[in-house]
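Basis for what follows: all heavy atoms, side chains included, without hydrogens, waters or symmetry-related copies.
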Amino acid sequence: MPHSSDSSDSSSFSQSPPPGKQDSSDDMRKVQRREKNRIAAQKSRLRQTQKADTLHLESEDLERQNAALRREIKQLTEAMMLYATHSFHQPHISSPRFQH
């Protein structure tokens with residue numbers, strides 16, 4: 001029976017552990033793999049949380065910018081309407097060069 005493919009030496013059976021130790025070795029690999037996976041999942045969740053926090057802050061900043069721009073639009077629109085109303089009711093002064 002050949003031993004596992006993760007070993008670089010495939011020449012003999014003497015290098016594989018006895019059946020009882022093989023089970024123990026497999027168990028250790030499973031524990032190590034689970035621990036490694038647990039750490040990777042924890043890091044992934046942390047990255048997701050950080051990304052969500054960053055997006056939340058960016059969203060709040062964009063909301064503030066949007067509100068400021070809406071206020072500016074309102075002010076400019078009011079100023080434009082005031083100017084249009086004011087200039088519409090002003091008597092037109094003719095330029096001397098257009099008088100006959």
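- Contact annotation: the side chain of R70 approaches that of N66 to within less than 4.5 Å [non-hydrogen atoms, C-beta and beyond].
- For the atom pair OG1 (T85) and CE (M80), the distance works out to 10.0 Å, reported to the nearest 0.5 Å.
- With sequence neighbours excluded, the residues satisfying side chain to side chain contact (heavy atoms under 4.5 Å, CB included) with R33 are K30.
- Of the possible polar contacts, one joining the T54 side chain to the Q50 backbone as a donor-acceptor pair under 3.5 Å is found.
- No donor-acceptor contact under 3.5 angstrom links the side chains of T49 and R45, judged on distance only.
- To the nearest 0.5 Å, the span separating CZ on R64 from CG on L69 amounts to 13.0 Å.
- Residues meeting the salt bridge (charged side-chain N to carboxylate O under 4.0 Å, His left out) test with E35, sequence neighbours left out: R38.
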Which pairs of donor and acceptor atoms, one on a side chain in residues 55-62, lie under 3.5 Å apart (sequence neighbours left out)?
from: H56; atom 1: NE2; to: E60; atom 2: OE2; distance (Å): 2.9
from: D61; atom 1: OD2; to: Q65; atom 2: NE2; distance (Å): 3.0

